[in-house]
Amino acid sequence: MASYILSGVIFGMMALAAGLTTWDSVAMSLFVYTGAAQYSAIAMIAENTGMWAIISPPDAPTSTMAAPVIASKPRAISSGIMIAM
C-alpha cells in the first residue's frame with residue numbers, strides 16, 4: 001500500500017513540475033490506464049511535445065492487423081498470443 005502512495009506522490013510532483021494543475025493530474029489518473037503511460041506523458045508534456053504525439057497509439061497498426069488472427073483462435077491460445085505480444 002505504501003508503494004502506491006509513494007508512486008502517487010511522485011506522479012503529483014512530476015505533474016506539478018511539468019506545469020499541470022491538480023485537476024489535470026486527477027483527470028490523467030482517471031483516464032490513463034497504466035501508470036507507466038502517465039509517467040511517459042508527463043515527460044512528454046514537460047518537453048512541450050504535441051498532443052497527437054502523446055495520445056497517438058504507436059501499436060495501432062500492429063493491433064489492427066493482429067485482431068483477426070487472435071479472434072480466429074480458441075480463447076486459451078489467444079490469451080497466450082496477447083501475452084507474447
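Counting from 1, the numbers follow the sequence of the chain as shown. On a predicted model such as this, the values are computed, not experimentally measured, just so you know.
- Residues that satisfy the side-chain hydrogen bond (donor to acceptor under 3.5 Å, both in side chains) test with Thr21, not counting sequence neighbours, are Asp24.
- With values rounded to the nearest 0.5 angstrom, Met14 atom CE is found 10.0 Å from Ile45 atom CD1.
- Taking hydrophobic clusters as Ile, Leu, Val, Met, Phe, Trp and Tyr residues chained together by side-chain heavy-atom distances below 4.5 Å, Trp23 does not share a cluster with Met28.
- The side-chain hydrogen bond (donor to acceptor under 3.5 Å, both in side chains) check on Ser7 picks up Tyr39, with sequence neighbours excluded.
- Val26 and Leu16 fall into different hydrophobic clusters, where Ile, Leu, Val, Met, Phe, Trp and Tyr residues are linked whenever their side-chain heavy atoms come under 4.5 Å apart, directly or through other members.
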